Trainee: 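Have a look at the structure that comes next, please.
Bear in mind the structure is a predicted one, so any value in this text is a computation, not a measurement. The first residue of the sequence shown is numbered 1, and numbering continues consecutively from there.
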Amino acid sequence: MKRPNFDLNIEVRENEILSKHSTFRIGGAATFAVFPKDKAELTSAITSIKESGMKYKVIGHGSNVLFDDKGYEGAIIFTKYMNNVEYVHRADETLIRVECGRNLTELAGDVGKKHSLTGLEFAYGIPGSVGGAIYMNAGAYGGEMSDIVIESEYYDTLNNSFVTLDAASHDFSYRHSIFHDHPEHIVISTLLKLKRGDAEEIFNLMNKNMSSRREKQPLEYPNAGSTFKRPAGHFAGKLIEDAELKGYTVGGAQVSEKHAGFLINRGGATSRDVLELIEHIQNIVKEKYGVDLESEIIYIPY
Ligand SMILES: Cc1cc2nc3c(=O)[nH]c(=O)nc-3n(C[C@H](O)[C@H](O)[C@H](O)COP(=O)(O)OP(=O)(O)OC[C@H]3O[C@@H](n4cnc5c(N)ncnc54)[C@H](O)[C@@H]3O)c2cc1C
């Protein structure tokens, strides 16, 4: 495999340790970590990587992924510097064009607290990027991205073209969007619709959501959010707690004592520990309750 011929303006790091870029704090070194600042740099980087025959993966803020202990033999492209936001104010609503790397919690805070816009309060406290949130149809407290998306622009890496996708064509459902079925499509930006609201009400709701997270979630330990998707008719955390798995530990990975729906890295957890723990939970819950738990955390193999 030859070395990609990256444009000199693009920030590229060799042998970058991935645990630094994952909220789980797990993962070995990637051959290359690439940090484009805009869509021109992103497409240029992808073209060079493809020409070299190397594999690659686009990552937002690494809050829903598990990198392998061995790392990644290829290029991980991080979107976090693609974070422009443009506001278009109309009579009673505001459209916001947001680039994929923008931090969702910062965005929710800005639009709510600085611009008194309502609709994104649910996202305050979700530690991912806007691109990751579109990919996952991230949601909480009764709201999700699909409620506010008007359209997204994506880069089709097969045809080397930019495409605009209307809201309906995102095929949004619970923690799913069309981008799961098309890994060759990279979300570049999205257009959100928010309404003018009452600043104090927005502020209070966001703070209430954040307090609830702090109270219920094991935020004092590295983790990757909810481990499993909610199975129809059940709550994953409740099933795991009922199966007496709270505190169950494999190596450095543990089912949180605070919230059984979360796995935490108690220190030194490996990807193998986490994968073994996930499999153990799935087996026990299936055995006891006949319910299949599907991992929400995305494992990125070496
Ligand atoms: C403490 C904590 C609390 C959380 N709470 C919630 C919650 O309440 N609700 C919720 O839904 N989630 C929650 N999460 C999970 C996570 O934050 C969300 O799923 C978030 O949307 C993931 O964004 P990310 O940028 O970190 O994605 P990553 O982890 O970086 O990537 C996730 C997937 O998205 C893909 N992806 C990322 N960017 C792009 C792009 N631009 N184009 C195409 N694909 C892309 C990646 O390839 C990968 O497959 C929580 C996580 C933590 C750690």
Trainee: For Tyr141 and Ser212, run side chain to side chain donor-acceptor pair (under 3.5 Å): C-alpha distance rounded to whole Å, both residues' side-chain angles, the deciding distance at 0.1 Å, then the answer.
Mentor: CA-CA 10 Å; Tyr141 303 109; Ser212 167; 3.2 Å; yes
Trainee: Is there a donor-acceptor pair closer than 3.5 Å between any side-chain N or O of Thr249 and the backbone N or O of Gly247?
Mentor: yes
Trainee: Would you say the ring centers of Phe6 and Phe32 fall short of 6.0 Å from each other?
Mentor: yes
Trainee: Going by an N to O cut-off under 4.0 Å, is there a salt bridge joining Lys229 and Glu294?
Mentor: yes
Trainee: Taking the side chain as every heavy atom from C-beta outward, state whether Glu296 and Asn64 have any pair of such atoms under 4.5 Å apart.
Mentor: yes
Trainee: Is Ile297 reachable from Leu239 through a run of hydrophobic residues whose side-chain heavy atoms are each under 4.5 Å from the next?
Mentor: yes
Trainee: Could you check whether Lys39 pairs with Glu153 (Lys NZ or Arg NE/NH1/NH2 to Asp/Glu carboxylate O, under 4.0 Å)?
Mentor: yes
Trainee: Cation-pi check, Lys70 to Tyr302: give yes when NZ or CZ is under 6.0 Å from the six-membered ring centre and within 45° of the ring axis, no otherwise.
Mentor: yes
Trainee: Rounded to the nearest 0.5 Å, what separates atom OG in Ser271 from atom CZ in Phe67?
Mentor: 11.5 Å
Trainee: Taking atom CG of Asp7 as the centre, report whether more than 12 heavy atoms of other residues, nucleotides or ligands fall under 6.0 Å from it.
Mentor: yes
Trainee: Would you give the length of the straight line joining atom CG of Asn209 to atom CZ of Phe122, rounded to the nearest 0.5 angstrom?
Mentor: 10.0 Å
Trainee: Would you call Arg13 and Glu11 a salt bridge, using N to O less than 4.0 angstrom?
Mentor: yes
Trainee: Do Lys208 and Tyr124 get their side chains close enough for a donor-acceptor pair, meaning under 3.5 Å?
Mentor: no
Trainee: Does the pair Lys238 and Glu241 meet the rule for a salt bridge (charged side-chain N to carboxylate O under 4.0 Å, His left out), with working shown?
Mentor: CA-CA 5 Å; Lys238 170 96 171 55; Glu241 187 171 347; over 6 Å; no
Trainee: Any salt bridge between Lys258 and Glu220, counting N to O under 4.0 Å?
Mentor: yes
Trainee: Can you see which heavy atom on Pro183 is nearest to which on Ile186, and at what distance?
Mentor: O-CD1, 4.1 Å
Trainee: For the pair Ser52 (side chain) and Ile49 (backbone), establish whether a donor and an acceptor sit closer than 3.5 Å, ignoring hydrogens and angles.
Mentor: yes
Trainee: Around atom NZ of Lys246, are there more than 12 heavy atoms of other residues, nucleotides or ligands at under 6.0 Å?
Mentor: yes
Trainee: Hey, does the side chain of Thr31 reach the backbone of Gly74 with a donor-acceptor pair shorter than 3.5 angstrom?
Mentor: yes
Trainee: Could you give the distance from CZ (Arg25) to CG (Asn223), rounded to the nearest 0.5 Å?
Mentor: 10.5 Å
Trainee: Is the closest side-chain heavy-atom distance between Val255 and Leu277 below 4.5 Å?
Mentor: yes
Trainee: Ser129 and His61: which non-hydrogen atoms are nearest, and at how many Å?
Mentor: CB-CD2, 3.6 Å
Trainee: Quick check: closest heavy atoms across Glu41 and Ile10, and the distance to 0.1 Å?
Mentor: O-CD1, 3.5 Å
Trainee: Report the C-alpha distance between Leu192 and Leu95 in whole Å, list the side-chain angles of each, state the deciding distance to 0.1 Å, and finish with yes or no for side chain to side chain contact (heavy atoms under 4.5 Å, CB included).
Mentor: CA-CA 6 Å; Leu192 306 175; Leu95 303 186; over 6 Å; no
Trainee: For the pair Tyr174 and Asn137, evaluate side chain to side chain donor-acceptor pair (under 3.5 Å) and give the outcome as yes or no after the intermediate values.
Mentor: CA-CA 7 Å; Tyr174 171 65; Asn137 188 19; over 6 Å; no
Trainee: Hey, any chance Phe24 and Leu18 share a hydrophobic cluster, counting ILVMFWY side chains that come within less than 4.5 Å of each other, even indirectly?
Mentor: no
Trainee: Can you establish whether the number of heavy atoms outside Glu184 located under 6.0 Å from its atom CD is more than 12?
Mentor: yes
Trainee: Quick test of your reading of the model: are Glu257 and Arg266 salt-bridged, counting only N-O distances below 4.0 Å?
Mentor: no
Trainee: Is it the case that one hydrophobic cluster holds both Tyr87 and Ile150, taking links as side-chain heavy atoms less than 4.5 Å apart, direct or via other members?
Mentor: no
Trainee: Going by heavy atoms in the side chains, are Thr227 and Leu293 under 4.5 Å from each other?
Mentor: no
Trainee: Quick one: are the ring centres of His185 and Tyr155 less than 6.0 Å apart?
Mentor: no
Trainee: Answer yes or no: is there an ion pair linking Arg3 with Glu14, defined by an N-O contact shorter than 4.0 Å?
Mentor: yes
Trainee: I'd like to know if Val58 and Leu104 are part of one continuous hydrophobic network [Ile/Leu/Val/Met/Phe/Trp/Tyr, side-chain heavy atoms within less than 4.5 Å].
Mentor: no
Trainee: In sequence, state the C-alpha distance, the side-chain angles, and the governing distance for Arg175 and His180, and then conclude on side chain to side chain contact (heavy atoms under 4.5 Å, CB included).
Mentor: CA-CA 10 Å; Arg175 299 298 168 270; His180 282 246; over 6 Å; no
Trainee: Any chance the rings of Phe35 and Phe78 have centres within less than 6.0 Å?
Mentor: yes
Trainee: What I'd like to find out is whether the side chain of Ile300 reaches to under 4.5 Å of the side chain of Leu66, using heavy atoms alone.
Mentor: no
Trainee: Between atom OG of Ser177 and atom CG of Leu165, what is the distance when rounded to the nearest 0.5 Å?
Mentor: 9.0 Å
Trainee: Applying the side chain to side chain contact (heavy atoms under 4.5 Å, CB included) test to Val98, which of Asn84, Val130, Ile134, Leu191 qualifies?
Mentor: Val130
Trainee: Would Arg102 and Asp110 pass as an ion pair if we require N to O under 4.0 Å?
Mentor: yes
Trainee: First locate atom NZ of Lys37, then atom CG of Asn83, and finally report the distance between them rounded to the nearest 0.5 Å.
Mentor: 12.0 Å
Trainee: Check whether the side chains of His89 and Thr94 place a donor and an acceptor atom closer than 3.5 Å, and report yes or no.
Mentor: yes
Trainee: Quick check against the 3.5 Å criterion: does Ser226 have a side-chain atom that pairs as donor or acceptor with the backbone of Phe228?
Mentor: no
Trainee: Working to the nearest 0.5 angstrom, can you tell me the gap between Glu279 CD and Ile284 CD1?
Mentor: 11.0 Å
Trainee: So Glu16 and His21, side chain to side chain donor-acceptor pair (under 3.5 Å) or not? Walk me through it.
Mentor: CA-CA 9 Å; Glu16 176 77 353; His21 301 285; 2.8 Å; yes
Trainee: Closest approach of Ser152 and Thr190, non-hydrogen atoms and distance?
Mentor: OG-OG1, 2.8 Å
Trainee: Determine whether Val111 and Leu107 make a side-chain contact, defined as any pair of heavy atoms from C-beta on separated by less than 4.5 Å.
Mentor: yes
Trainee: Using a 4.5 Å cut-off on heavy atoms from C-beta on, say whether the side chain of Thr157 contacts that of Lys50.
Mentor: yes
Trainee: Hey, any chance Ile278 and Tyr299 share a hydrophobic cluster, counting ILVMFWY side chains that come within less than 4.5 Å of each other, even indirectly?
Mentor: yes
Trainee: Does any non-hydrogen side-chain atom of Leu42 lie less than 4.5 Å from one of Met82?
Mentor: yes
Trainee: Under 6.0 Å between ring centres: does that hold for Tyr154 and Phe179?
Mentor: yes
Trainee: Side chains of Asp156 and Asn159: any donor to acceptor distance under 3.5 Å?
Mentor: yes
Trainee: Would you call Asp69 and Arg272 a salt bridge, taking side-chain N to carboxylate O under 4.0 Å as the test?
Mentor: no
Trainee: Looking only at heavy atoms, what is the nearest atom pair of His259 and Pro218, with distance?
Mentor: CB-CD, 4.2 Å
Trainee: For Ser63 and Gly128, which heavy atoms make the closest approach, and how far apart are they?
Mentor: OG-CA, 3.5 Å
Trainee: Given His170 and Ser146, is the side chain to side chain donor-acceptor pair (under 3.5 Å) satisfied, shown in steps?
Mentor: CA-CA 8 Å; His170 282 67; Ser146 58; over 6 Å; no
Trainee: When you compare the side chain of His280 with that of Leu245, does any pair of heavy atoms fall below 4.5 Å?
Mentor: yes
